[in-house]
Amino acid sequence: MSGTVLVTGGAGYIGSHVVKQLGEAGRKVVILDNLSKGFRNAVLHGELIVGDAADIELVSNILTTANIDAVMHLAAHTVVPESVADPMKYYGNNTCTTRNLLTCCQRTGVKHFIFSSTAAVYGMPDGPVATEDTPTLPINPYGRSKLMSEYMLGDLANAGGPSFVILRYFNVAGCDPRGRIGQSTPDATLLIKVACKAALDPAASLAIFGTDYPTPDGTGVRNYIYVEDLAHVHLKALGYLEHGGESRIFNCGYGHGYSVREVLDMVAKVAGTTFSVREESRRPGDPPSLVAGTDRIRAELDWEPRYDDLEMIVRTALNWERHLFGNG
Ligand code: UD1
């Protein structure tokens with residue numbers, strides 16, 4: 001029932017929080033990460049193997065020798081505008097890597113697969129929230145690269161492959177409340193991280209990308225979810241599959257959103273400072289608004305958010321940024 005779990009991308013921002021919670025739950029974990037964006041010291045539990053999830057020989061060897069029952073696949077590129085500028089990077093690292101990894105899972109008989117997908121598969125939903133039944137019409141290569149992986153998982157499961165849970169992440173933010181791990185990528189583009197940097201460093205620049213969206217204040221609206229809540233979803237999904245749950249797709253969010261201006265106001269409030277903000281034109285590939293419908297995940301995974309609190313999320317992100325800033 002409780003076999004070893006392989007987490008790809010487990011040294012990265014979200015993966016390291018998932019690994020931490022798996023360790024706290026007493027699960028045996030192997031982490032596969034090529035450290036392109038991850039950090040060795042972000043791995044608080046388990047055995048880290050440095051390598052690529054696309055490496056069929058390496059992965060087959062790990063799956064067999066470590067007796068892996070379940071794979072959580074988080075290794076990916078995630079930056080929307082970068083995917084527009086360099087689509088092959090995304091189809092390679094996201095789609096082709098997933099294909100290789102699934103080939104290995106099929107060959108070695110992995111039972112369960114948890115896939116980190118994205119709200120970007122919805123594109124620009126018509127209604128105020130996207131449910132799992134909202135049509136998937138991604139508007140950028142990143143979203144398409146993930147949607148192709150979703151299709152592969154479904155097709156492989158129909159052909160006898162692993163049962164799966166696809167988790168469509170909305171906007172992930174914040175970090176470990178004890179401040180041990182966080183979002184450390186130096187060139188990260190995430191709004192809350194960039195804003196926390198600007199609050200601490202007068203030399204850092206900050207722009208609002210688009211003030212003419214059809215949203216209440218003209219700036220982009222996103223559904224921010226605390227990384228600890230998201231990590232917990234992975235453990236719930238694993239338990240669900242291990243207890244015979246059928247393959248399923250779940251949105252990971254809180255069911256309501258904040259605009260860019262609301263986020264920046266919160267960062268200024270928590271930091272107790274002001275910072276200068278430029279207004280720029282829209283960023284390529286950005287939808288106006290993305291908010292998660294969450295009825296399904298609450299009902300079927302028995303998951304409830306524990307930290308639906310933007311102020312607290314921002315406080316953890318700011319503390320982490322102070323820690324990085326203090327360490328140069
Ligand atoms: C993020 C994720 C993406 C995921 C999506 C789900 C990353 C790097 N991106 O993308 O993988 O699919 O959530 O919704 O993990 N903004 C500014 N100024 C900035 C930065 C951002 O105005 O300096 C705005 C953006 O235009 C957008 C909002 O803030 O409206 C959020 O942007 P960002 O934090 O970059 O996340 P997403 O692009 O939504």
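First listed ligand is number 1; within each ligand, the first listed atom is number 1.
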Can you tell which of V194, T185, D286, T211 gets a heavy atom nearest to atom 26 (O) of ligand 1? D286
Assert yes or no for the condition that the ring centre distance of F164 to F113 is strictly below 6.0 Å. no
among protein heavy atoms, the one nearest atom 9 (N) of ligand 1 is T78 O, 3.3 Å
Restricting to pairs with a member in residues 42-65, which pass side chain to side chain donor-acceptor pair (under 3.5 Å), not counting sequence neighbours? N34-D52
Would you mind telling me which of Y169, F115, F250, Y240 makes a ring-ring contact (aromatic ring centres under 6.0 Å, His included) with H234? Y169
If you look at every heavy atom in L74 and I14, which pair is closest and at what distance? CD2-CG2, 3.7 Å
Only heavy atoms of A207, strictly under 4.0 Å: list the atoms of ligand 1 that pass. 17 (C), 18 (N), 19 (C), 22 (O), 23 (O)
Is R282 positioned over the aromatic face of Y213, cation under 6.0 angstrom from the ring centre and no more than 45 degrees off axis? yes
Testing the 3.5 Å rule here: is there a donor-acceptor pair between the side chains of D217 and T219? yes
Residues D86 and H77: side-chain donor-acceptor under 3.5 angstrom: no
For atom 14 (O) of ligand 1, which protein heavy atom lies nearest, and how many Å away is it? N171 OD1, 2.5 Å
In terms of the angle between their ring planes, are Y13 and H17 parallel, tilted or perpendicular, with boundaries placed at 30° and 60°? perpendicular
Enumerated ligand 1 atoms positioned under 4.0 Å from heavy atoms of F209: 16 (N), 17 (C), 18 (N), 19 (C), 20 (C), 22 (O), 23 (O), 26 (O)
Geometric N/O contact R222 with ligand 1, under 3.5 angstrom: yes
Consider every N or O of I208 and every N or O of ligand 1, then say whether any pair is closer than 3.5 Å. no
Do any heavy atoms of Y13 fall under 4.0 Å from ligand 1? no
At what distance is the nearest protein heavy atom to atom 38 (O) of ligand 1, and which residue and atom is it? R283 NH2, 2.7 Å
More than 12 heavy atoms of other groups within 6.0 Å of M312 CE: yes
Heteroatom proximity flag, L191 to ligand 1, N/O under 3.5 Å: yes
Enumerate the atoms of ligand 1 whose separation from the nearest heavy atom of G220 is less than 4.0 angstrom. 30 (O)
Starting from atom 24 (C) of ligand 1, locate the nearest protein heavy atom and write down its residue, its atom name and how far away it is, to 0.1 Å. V260 CG2, 3.6 Å
Quick one: which ligand 1 atoms are inside 4.0 Å of a heavy atom on T189? 20 (C), 35 (O)
Could you list which atoms of ligand 1 come closer than 4.0 Å to a heavy atom of L290? 14 (O)
Check for a donor-acceptor pair, side chain of K111 on one end and backbone N or O of S163 on the other, with a separation under 3.5 Å. no
Near T118, which atoms of ligand 1 are under 4.0 Å from a heavy atom of that residue? 4 (C), 12 (O)
Identify, by atom number and element, the atoms of ligand 1 in contact range of Y224, meaning under 4.0 Å from any of its heavy atoms. 28 (C), 31 (C)
